[in-house]
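Below is one structure, written out as structure tokens; comments come after it.
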Protein chains: 2
Amino acid sequence: MTNKKNTKDLILDAAEKLFAVRGFYGVSIRQITAEADVDPALASYHFGKKNDIFDAVMLRRAEILNRERIQMLDDCIRRAQPNPAPLHEIIDAFTHALLNRSNKGGTGWKSYFAIIAQINNHPELGGVIMTQYFDPLAKKFLDAIHATMPAAEKEDLFWCYHFLSGALTLTFSGTERISNLSDGLCQSSNLDAVHERLVPFITAGFEAFKQQPNKTP
Amino acid sequence: MTNKKNTKDLILDAAEKLFAVRGFYGVSIRQITAEADVDPALASYHFGKKNDIFDAVMLRRAEILNRERIQMLDDCIRRAQPNPAPLHEIIDAFTHALLNRSNKGGTGWKSYFAIIAQINNHPELGGVIMTQYFDPLAKKFLDAIHATMPAAEKEDLFWCYHFLSGALTLTFSGTERISNLSDGLCQSSNLDAVHERLVPFITAGFEAFKQQPNKTP
DNA sequence: AATTAATTTAAACAAGTGTTGAATTAATTT
DNA sequence: AAATTAATTCAACACTTGTTTAAATTAATT
């Protein structure tokens with residue numbers, strides 16, 4: 001097991017860490033290369049423009065994460081055949097990989113999720129990665145949901161997905177202020193506790209749209 | 001009705017608009033004052049440091065919004081006395097002002113919500129405003145929920161609040177990519193449609209924790 | 001061992017950064 | 001009307017920004 005990292009990864013690690021805290025525009029190339037203990041010119045040499053560094057940071061983990069999540073969705077659907085997969089299993093499959101990486105994946109993954117949360121507010125930055133990786137996954141997820149809730153309206157499910165997406169984003173970004181609300185309730189870092197509550201919460205939300213509303217024209 | 005705005009508001013309007021799109025670090029004072037058609041030095045003259053401009057932008061609407069939301073919560077509680085307020089009314093009171101301003105409040109409010117979403121990921125920026133305005137409101141909201149769901153565990157409700165907060169943030173930031181998932185389903189800007197779905201979704205999520213789980217030790 | 005390729009260094013570039021001070025104009029008070 | 005305060009302009013400051021260039025060094029290939 002080689003412990004010595006190459007320059008490209010050193011830069012990506014440093015960029016990931018700093019982007020997570022201060023955002024794309026809040027971090028300079030010189031700060032990144034200083035954190036990586038590397039000459040500033042190497043950033044341009046290895047990656048090109050600053051935007052390309054950001055894209056490289058995103059791509060690195062997007063592939064891993066995406067493969068895992070699609071796999072879990074497929075497994076969950078296959079297990080239930082010929083019936084549709086249970087709703088809570090679909091939602092668990094959609095969220096489990098996030099929890100797992102955020103919990104046991106190390107600081108790099110934590111930073112990565114924080115950046116994902118930022119991308120939601122800056123479409124100009126991560127547009128390509130999102131369209132290429134997350135959208136197909138979301139489509140597969142929504143299809144599975146629709147299969148297990150055939151009576152629900154598609155538009156309802158579409159919005160429910162957005163609510164799930166928002167809850168997920170904030171939960172796993174890790175940057176949320178726990179504030180003085182918790183009163184010591186939340187012994188942080190216990191992300192399993194979060195997941196135990198997130199899945200029932202979201203499942204119940206979706207189920208509220210299981211039947212079409214009484215249309216009385 | 002005076003149409004002529006003073007310099008301070010011109011700067012705040014421009015800053016709000018630009019911060020919403022590119023974030024705090026992504027916008028320079030010169031860009032702000034150019035957008036406001038005003039001399040760059042006036043930013044420092046009227047507000048001080050760049051951080052103070054950001055705080056002023058936040059403060060302006062935080063007071064208005066906060067007063068409205070607290071009012072609606074109080075009204076909803078008073079209406080139900082001596083019974084606890086219905087769950088869905090509490091959630092509506094918590095979200096209605098956001099919807100209303102986002103829908104009919106003009107572009108300034110839209111930008112404001114986008115900045116709020118950013119603050120969630122950059123606690124260093126809006127910490128003061130959040131602690132001063134949003135936390136007390138959240139506490140009042142959670143108390144009301146607890147009153148109407150006395151059998152639920154406090155920690156469960158705390159996390160449910162976070163899921164609500166995430167869903168709200170993403171929904172009203174307005175910066176979310178609608179993506180190619182919608183297939184023309186979502187004729188955007190129809191935020192009433194969002195609210196009609198958000199309240200039942202969140203209500204059902206909370207209700208999943210109405211009874212304590214069977215503790216079988 | 002010689003040659004080519006890949007990587008790292010150090011210096012520099014023009015442009016943009018937040019902020020300030022003195023001079024000038026506008027508004028308000030005496 | 002004069003005097004005083006407030007608001008605005010212009011120029012400049014020291015510094016940082018992303019990026020490039022050419023030379024020096026290291027690694028890989030012949």
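Predicted, not measured: the structure shown is a model, and the values here were computed from it. Numbers restart at 1 for each chain; the letters A, B, ... are given by sequence-line order, proteins then strands.
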Classify the nucleic acid contact of A:A43 as base, sugar-phosphate or nothing, counting any heavy atom under 4.0 Å across all strands shown.
-> nothing
To the nearest Å, how far apart are [X] [atom1] and [N] [atom2]?
{"X": "B:I29", "N": "C:dT17", "atom1": "CD1", "atom2": "P", "value": "10 Å"}
{"X": "B:F54", "N": "C:dG18", "atom1": "CZ", "atom2": "C1'", "value": "17 Å"}
{"X": "B:N6", "N": "D:dT8", "atom1": "CG", "atom2": "C1'", "value": "14 Å"}
{"X": "A:F47", "N": "D:dT20", "atom1": "CZ", "atom2": "P", "value": "15 Å"}
{"X": "A:D39", "N": "D:dA24", "atom1": "CG", "atom2": "C1'", "value": "12 Å"}
{"X": "A:F24", "N": "D:dG18", "atom1": "CZ", "atom2": "C1'", "value": "10 Å"}
{"X": "B:L42", "N": "D:dA6", "atom1": "CG", "atom2": "C1'", "value": "12 Å"}
{"X": "A:K8", "N": "C:dT8", "atom1": "NZ", "atom2": "P", "value": "11 Å"}

Tell me whether the side-chain N/O atoms of [X] come closer than 4.0 Å to OP1 or OP2 in [N].
{"X": "A:S28", "N": "D:dT16", "value": "no"}
{"X": "B:T7", "N": "D:dT8", "value": "yes"}
{"X": "B:H46", "N": "D:dA6", "value": "no"}

Would you call the rings of [X] and [Y] parallel, tilted or perpendicular if under 30° counts as parallel and over 60° as perpendicular?
{"X": "A:F206", "Y": "B:F201", "value": "perpendicular"}
{"X": "B:Y161", "Y": "B:F94", "value": "perpendicular"}
{"X": "A:F54", "Y": "A:F24", "value": "perpendicular"}

DNA chain D: 5'-proximal contact among A:Q31 and A:S44 (nearest heavy atom) | A:Q31
base_contact_polar (C:dG16 base, B:R30 side chain, donor-acceptor, <3.5 Å) = no
A:K49 side-chain proximity, nearest of D:dT20, C:dT9, C:dG18 = D:dT20
So, B:D135 and B:K139, do they make that salt bridge, N to O below 4.0 Å?
-> no
Toward the 5' end of DNA chain C, by each residue's nearest nucleotide, A:Y45 or A:A41 | A:Y45
Between CD1 on residue B:I115 and NZ on residue B:K17, distance to nearest 0.5 Å = 12.5 Å
